[in-house]
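Residue numbers run from 1 in the order of the sequence given. What you see is a predicted model; the values in this text were computed from it and never measured. Atoms within a ligand are numbered from 1 in the order they appear, just like the ligands themselves.
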Amino acid sequence: MKVKGKYMKSILSVAMLAVALCGCTGKDDTLKMITEATFPPYEFLRGQEIVGIDVEICRAVAQRLNRPFKAETVDFDSVIPAVISGKADLAAAGITITEDRKKNVDFSIPYVKTGIVVISKKSNLFQTTDQLKGKKIGVQSGTTSENYVLEQLQQEPERSKSPAEAVAALKAGRVAFVIADIDPAKNCVKGDDELALSDFITSEEYAVAIRKGQPELLAAINATIAELKANGTLAKWIADFTAESDSLKDK
Ligand code: GLN
């Protein structure tokens, strides 16, 4: 018994030493971001890599926390559920702060003021919201644009997986108008003489969303965003990723 006890003790100390040496506690320390990479310049694919303003914001949070970082892309309507279930730590996908979403997640301080716009064909140019009534309107599923059609227009939208897919439906004549956030909308319309963009029809703000009840993580995100705003980094990322996603379109 004595020998066995000694034997066990040394196995234990070797195991503890191994843990201390490689720093692997068995717990994955990676800060996981969940996003939806069809939303330039906030998130888009550069080859296989997910890049964009939101990715850099989340990477900066990981750096502040000294944790490895990983980004993953899913459909937009699965982004918020992924942080609620704990599959991911940070949700950033041009997510608008809404009262409804606030019931399920905590939001950081906002990092961009923005809104949605109407994309129309110049041959059927959008001028007033009365034109939208009773028409087929393309939106990305799960977005504030979808809510606009459901709540303000009291009708069913035509749902797509991405703003670009909705715009393809507009060009093919399957929908009369598309509603989308201004920046991806600008990206879709760029270089297309057939299409036009309206002014904002809503006023919205983007923020990072996390599972409720994590005040330390929320404070780290807020401090990161405040710093990136104050030192001009955020403005630079907005300019750089807008230019990059526009140029990817030209290819
Ligand atoms: N800002 C919009 C929303 O939160 C759209 C976001 C998106 O499609 N990535 O619903």
Side-chain angles (χ1 to χ4, degrees), residues 33-46 50-58 71-84 87-88 90-119 137-153 156-170 175 177-189 197-211 221 225 234 237-238 241-242 245 248-249:
M33 169 198 190
I34 195 84
T35 189
E36 184 272 314
T38 72
F39 202 73
Y42 292 92
E43 37 271 326
F44 55 99
L45 293 176
R46 181 197 287 151
I50 306 165
V51 297
I53 301 154
D54 290 340
V55 183
E56 292 313 312
I57 292 173
C58 292
E72 208 183 300
T73 180
V74 292
D75 287 345
F76 185 70
D77 35 22
S78 301
V79 169
I80 287 184
V83 287
I84 295 172
K87 190 173 164 272
L90 311 177
I95 302 173
T96 300
I97 304 172
T98 68
E99 289 310 312
D100 243 19
R101 290 172 179 164
K102 272 191 198 165
K103 291 178 198 154
N104 299 314
V105 287
D106 283 340
F107 279 105
S108 69
I109 56 169
Y111 56 88
V112 171
K113 271 194 197 311
T114 181
I116 59 178
V117 296
V118 180
I119 310 173
I137 312 230
V139 298
Q140 183 180 14
S141 235
T143 61
T144 46
S145 297
E146 177 183 293
N147 285 349
Y148 183 92
V149 178
L150 289 170
E151 285 160 22
Q152 306 295 317
L153 304 175
E156 274 299 310
E158 301 288 316
R159 296 172 177 87
S160 294
K161 292 261 185 221
S162 69
E165 203 181 298
V167 169
L170 173 67
V175 298
F177 299 100
V178 167
I179 302 184
D181 292 42
I182 182 124
D183 295 298
K186 272 188 182 162
N187 183 266
C188 285
V189 164
L197 283 188
S198 74
D199 291 333
F200 287 123
I201 56 169
T202 62
S203 166
E204 307 185 9
E205 287 181 314
Y206 293 163
V208 177
I210 63 170
R211 183 164 39 82
I221 302 166
I225 292 173
L234 183 62
W237 286 341
I238 292 174
F241 285 111
T242 302
S245 53
L248 280 176
K249 257 216 97 187

Using a 4.0 Å cut-off on heavy atoms, what residues surround ligand 1? Order them by chain and number. Glu36, Phe39, Phe76, Ala93, Gly94, Ile95, Thr96, Arg101, Gln140, Thr143, Thr144, Asp181, Tyr206
Residues two or more places apart in sequence or in another chain: which of them pass salt bridge (charged side-chain N to carboxylate O under 4.0 Å, His left out) with Asp199? none
With sequence neighbours left out, what residues match Glu204 under salt bridge (charged side-chain N to carboxylate O under 4.0 Å, His left out)?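 Glu204: no salt bridge (charged side-chain N to carboxylate O under 4.0 Å, His left out) contacts found.
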Side chain proximity check, [X] to [Y], heavy atoms < 4.5 angstrom:
{"X": "Arg46", "Y": "Phe241", "value": "yes"}
{"X": "Glu56", "Y": "Ile53", "value": "no"}
{"X": "Pro157", "Y": "Leu150", "value": "yes"}

For Tyr206, which residues count as a ring pair (Phe, Tyr, Trp, His ring centres under 6.0 Å) partner, sequence neighbours excluded? Tyr42
